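What you are looking at is a predicted structure, and each value in this text was computed from that prediction instead of being measured.
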Amino acid sequence: MHGHLLLSSLLGQLESLERSAREIRSPLLAGQAEALRQSVLGVVAERATLEEAAALAALKARRLEEGIEANKRRYEDTLRSFDRFRQAFELVDSLRGLEALPDLLERLRTLFKVGMLRLILDRAQFGGYLPEGFPTLPRQELDALAAQVLAAGNRSFVGPAAQAPRGLFSQAEVRRWGSCFAYPLEDRFHEGRWAGFLLFTDVSPQRYLPEMATDYMEHFSDALASAVVDVTDRLKAEELREDVERMTRHDLKSPLSAILTLPQFLLDAENLTDRQREMVRLMLESGRRMQSMITLSLSFYRMERGTYALEPVRLDLATLVRCVWDECGGPYRSARMELNLQACEEPFHAPGEELLCYTLLANLMKNALEASNPGESIEVRLRRETGWAVVEVANDRDVPEDVRERFFEKYATSGKHGGTGLGTYTARLIAQAHGGGIELETGQGQGTVVRVRLPDGPPPSQGGA
């Protein structure tokens, strides 16, 4: 009754004492018993108040613990969500070609744990670069879908799949999916144009609710759209570059062909001295080689992309070195500069494409000559290592320190008037296309050696970079 057995017993005893005191007519004792009983009742009431306060405090503590646990779960969920988006952005950054899109989307679907992640792209802009069967829509249909989303005053649609913009799902898909996030992808390079649509769907109607925040999802969708547009624009730029180079080669080859007819006529003349005939022959061979090099520019482009197919033959590199010197060394011979060719054997055979190997040797020898002073010599050494034919081009000057680390990189040059920085870069491409390599040795006033290793042995019927 009073919440504690001892207090209840004490109250009972005091009530009995009070009754007994009244029966024996002892008012003093009865009053004292009544006072004690009231005091005990006060203690009981105070105890009840304390118990109620304790219960209330325990309830508040329990609710606080539940709130802390709920906030902890929300924090952990946010951390997991943030980590998922971080991984998703890394995956998007790794996109290098549209052929990888299906695999990328499947990895993103698994990462986000959704039933379906679908990317629909503009057919006119992306259709020619996408894998077969990839979903596309005409631009006017994308515009109509985007208009349905924007008409509601939102940048994205979030809610039941059955209420999504008409045309995004088939009837079977509407019945299958409970909720979705649908986002029109803007083409950031063309204002007012839509690149496509991105859809996240789930069987649960509670997964995507209209009141949920979508900032992360929209930001991620924009990043994916930018990556797809960037990759496509790069592919288009490469196609344009190849078209321009093709037209340039055509425009250069036409006048060059006309120029080459003159040396051919001169060689047929009977009033030339042997020296004049040799000079005309060198002029004709140089023109023909220039004509081949114009054609070769497309080969360098394919080497950069790793798609060049090598067709090597058995070459005599010693003869090729002398040919380069005869055709290109005139200005240097006039400056009393000399070529010192050292070959461990002659002929020095190695498998390779003649025009490519000529270009490699010409670039390295020209670099060495340009770095030398009048009256100095360069050396070209041909030797064998196990499995390799080695070509070393040496001169007495060190490569400047500011260019050593990037010596074989594109456009790397230092202190050379009119230098393009393409000679050693092209030499590296050619060496790699042959399955070999190239390295630089310079410094400490010992001069410079550029060492090329080409695979030694019978040439294969076809190879690649």
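- Side-chain atoms of Asp316 never come within 3.5 Å of backbone atoms of His349 as a donor-acceptor pair (strictly under, hydrogens ignored).
- To the nearest 0.5 Å, the span separating CD on Gln125 from CZ on Arg139 amounts to 6.5 Å.
- When every heavy atom of Ala161 is checked against every heavy atom of Val174, the shortest pair comes out as O-CG2, 4.3 Å.
- Between His219 and Phe89, the ring planes are tilted. Angles from 30° to 60° get that label.
- The side-chain heavy atoms of Asp230 and Leu95, taken from C-beta on, include no pair separated by under 4.5 Å.
- Put simply, the side chain of Asp398 gets close to the backbone of Gly445: a donor and an acceptor are under 3.5 Å apart.
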Would Glu439 and Arg453 count as a salt bridge (charged side-chain N to carboxylate O under 4.0 Å, His left out) here? Give the steps.
CA-CA 9 Å; Glu439 61 187 26; Arg453 288 182 174 86; 3.3 Å; yes

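- Put simply, CD1 on Ile378 and CG on Leu369 are 4.0 Å apart, with the number rounded to the nearest 0.5 Å.
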Step by step, work out the salt bridge (charged side-chain N to carboxylate O under 4.0 Å, His left out) result for Arg451 and Glu385.
CA-CA 12 Å; Arg451 186 175 296 108; Glu385 289 181 2; 5.5 Å; no

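- Using a 4.5 Å heavy-atom threshold, the side chains of Tyr208 and Val114 count as touching.
- Heavy atoms from other residues, nucleotides or ligands lying under 6.0 Å from CD of Glu401 number 12 at most.
- Between Tyr183 and Phe181, the angle of the ring planes stays under 30°, which puts this pair in the parallel group of the 30/60° scheme.
- Using a 4.5 Å heavy-atom cutoff, the side chains of Trp177 and Asp202 are not in contact.
- A distance-only check finds a donor-acceptor pair linking the side chain of Arg333 to the backbone of Trp325 [under 3.5 Å].
- Taking the centre and axis of the six-membered ring of Tyr425, the NZ or CZ atom of Arg406 falls outside the cone set by 45° and 6.0 Å.
- Applying the 6.0 Å contact sphere to CE of Met116 captures more than 12 heavy atoms from other residues, nucleotides or ligands.
- In this structure, CD1 in Ile438 is found 4.0 Å from CZ in Phe408, a value given to the nearest 0.5 Å.
- Shown here for Phe157 and Val149, the closest heavy-atom pair between the two residues is N-CG1, 3.8 Å.
- No side-chain donor-acceptor contact under 3.5 Å links Thr214 to the backbone of Met217.
- Here the options are Val324, Val450, Val380, the test is side chain to side chain contact (heavy atoms under 4.5 Å, CB included), and the partner is Leu364; only Val450 passes.
- Under a cut-off of 6.0 angstrom, the local environment of CD in Glu211 is crowded, with over 12 non-hydrogen atoms contributed by other residues, nucleotides or ligands.
- Checked by atom type and distance alone, the side chain of Thr136 never pairs as donor or acceptor with a backbone atom of Leu121 at under 3.5 Å.
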Steps toward side-chain contact (heavy atoms from CB on, under 4.5 Å) verdict (Leu185, Phe197)
CA-CA 5 Å; Leu185 304 173; Phe197 247 86; 5.7 Å; no

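- With contacts defined as side-chain heavy-atom distances shorter than 4.5 Å, the pair Gln446/Glu441 does not qualify.
- With a 4.5 Å cut-off on side-chain heavy atoms, Phe126 and Val229 count as touching.
- For the atom pair CG of Leu101 and CG of Leu130, the computed distance is 6.5 Å after rounding to the nearest 0.5 Å.
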If you apply the rule salt bridge (charged side-chain N to carboxylate O under 4.0 Å, His left out), what do you find for Glu106 with Arg109, and how did you get there?
CA-CA 5 Å; Glu106 177 57 25; Arg109 186 196 68 80; 2.9 Å; yes

Given Asn367 and Glu370, is the side-chain contact (heavy atoms from CB on, under 4.5 Å) satisfied, shown in steps?
CA-CA 5 Å; Asn367 266 13; Glu370 289 177 345; 4.1 Å; yes

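- In this structure a side-chain-to-backbone donor-acceptor pair under 3.5 Å is missing from Glu141 to Pro138.
- At least one side-chain heavy atom of Val321 sits less than 4.5 Å from a side-chain heavy atom of Leu339.
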Does the pair Phe200 and Leu108 meet the rule for a side-chain contact (heavy atoms from CB on, under 4.5 Å), with working shown?
CA-CA 10 Å; Phe200 289 78; Leu108 290 170; over 6 Å; no

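- Nearest heavy-atom pair across Ala225 and Glu186 is CB-O, 4.2 Å.
- In this structure, CG in Leu361 is found 11.0 Å from CG in Leu356, a value given to the nearest 0.5 Å.
- A donor-acceptor pair is defined here as one N or O able to donate and one able to accept, closer than 3.5 Å; such a pair exists between the side chain of Thr448 and the backbone of Val399.
- Using modelled atom types, one side-chain atom of Arg155 and one backbone atom of Pro184 make a donor-acceptor pair closer than 3.5 Å.
- Distance alone, capped at 3.5 Å, places no donor-acceptor pair between the Gln163 side chain and the Pro160 backbone.
- Enclosure of atom CD in Gln140 by more than 12 non-hydrogen atoms of other residues, nucleotides or ligands within 6.0 angstrom is indicated.
- For Asp93, the CG atom counts as densely surrounded, since its 6.0 Å shell holds more than 12 non-hydrogen atoms of other residues, nucleotides or ligands.
- Residues Val449 and Arg381 share a closest heavy-atom pair of CG2-NH2, 3.6 Å.
- Put simply, the side chain of Thr359 reaches to within 4.5 Å of the side chain of Thr426, judged on heavy atoms.
- Checked by atom type and distance alone, the side chain of Thr201 never pairs as donor or acceptor with a backbone atom of Cys180 at under 3.5 Å.
- Side-chain contact between Leu199 and Phe169: present, with at least one pair of heavy atoms (C-beta onward) separated by less than 4.5 Å.
- No more than 12 heavy atoms of other residues, nucleotides or ligands sit less than 6.0 Å from atom CD of Glu338.
- The minimum heavy-atom distance between Pro351 and His434, with the atom names listed, is O-CD2, 4.0 Å.
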Determine, stepwise, if the pair Val92 / Phe220 fulfils side-chain contact (heavy atoms from CB on, under 4.5 Å).
CA-CA 9 Å; Val92 169; Phe220 165 76; 3.5 Å; yes

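- What you find for Leu315 and Cys357 is that their closest heavy atoms are CD1-SG, 3.8 Å.
- For Arg166, the CZ atom sits in a loose shell: 12 or fewer heavy atoms of surrounding residues, nucleotides or ligands are nearer than 6.0 Å.
- No more than 12 heavy atoms of other residues, nucleotides or ligands lie within 6.0 Å of CD in Gln171, so this atom counts as exposed by the packing criterion.
- Atom-to-atom distance recorded for Ser221:OG and Leu119:CG is 9.5 Å, nearest 0.5 angstrom.
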